[in-house]
Amino acid sequence: MKLKLDLHDIFNKGQQIDKALRDIIDEAIEKKATLVEIIPGKGSGALKKKVLRFLDQREIKQLYHRVEKDGDNWGRLFIHFRFKESTGRRGRGR
């Protein structure tokens, strides 16, 4: 599953950007989405830097696996998540 967040509408509203980023990360974890696409847009690059700073915070960084910068479109980032699969087995005997 892939989720998408386009930041064009709130590009100059700092607190809303942080909230939108946190909300999409929480949603990805809740839905076990393996990929979140974030579109800060091309512009001056300031919004992309803000997003990367947000993602680099210790408490946020531990929630995802890695960040990928799109090589074809520098106005787009991908956040990759990994979730451990449960085997559905229970421990044997006592």
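Every heavy atom of this structure was used, including side-chain atoms; hydrogens, water molecules and symmetry mates were not. Counting begins at 1 with the first residue of the sequence.
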Other residues, nucleotides and ligands only: do more than 12 of their heavy atoms fall within 6.0 Å of [atom1] on [X]?
X	atom1	value
Q15	CD	no
R66	CZ	yes
N73	CG	yes

Distance from [X] atom [atom1] to [Y] atom [atom2], nearest 0.5 Å?
X	Y	atom1	atom2	answer
H80	K2	NE2	NZ	10.0 Å
H8	I39	NE2	CD1	7.0 Å
F54	K19	CZ	NZ	11.0 Å
E37	L5	CD	CG	9.5 Å

Cluster question for you: counting only ILVMFWY and a side-chain heavy-atom cut-off of under 4.5 Å, with indirect links fine, are [X] and [Y] together?
X	Y	result
L7	I60	yes
V51	L63	yes
L77	M1	yes

Side chain to side chain contact (heavy atoms under 4.5 Å, CB included) partner of E27, chosen from D23, I29, I24
I24

Got a sec, which residues hit salt bridge (Lys or Arg N to Asp or Glu O under 4.0 Å) with K69, two or more places apart in sequence or on another chain?
none

Taking only residues two or more places apart in sequence, or in another chain, which ones meet E68 in a salt bridge (Lys or Arg N to Asp or Glu O under 4.0 Å)?
none

Salt-bridge criterion met for D18 and R22 (N-O under 4.0 Å):
no

Test log, rule side-chain contact (heavy atoms from CB on, under 4.5 Å), inputs W74 and K42
CA-CA 7 Å; W74 61 272; K42 294 181 180 176; 3.8 Å; yes

Do I38 and L21 have side chains that approach each other closer than 4.5 Å (heavy atoms only, starting at C-beta)?
yes

Give the minimum heavy-atom separation between P40 and L47, together with the two atoms involved.
O-CD2, 3.3 Å

Which pair of heavy atoms, one from V36 and one from A28, lies closest together, and at what distance?
CG2-CB, 3.6 Å

Hydrophobic side-chain clustering at under 4.5 Å (ILVMFWY, transitive links): who's grouped with F78? Put none if nobody.
L35

Would you sort out whether L3 and F81 count as a side-chain contact (heavy atoms from CB on, under 4.5 Å), showing the intermediate values?
CA-CA 11 Å; L3 301 174; F81 292 83; over 6 Å; no

Look at the side chain of Y64 and the backbone N and O of L55, then say whether any donor-acceptor pair between them is shorter than 3.5 Å.
yes

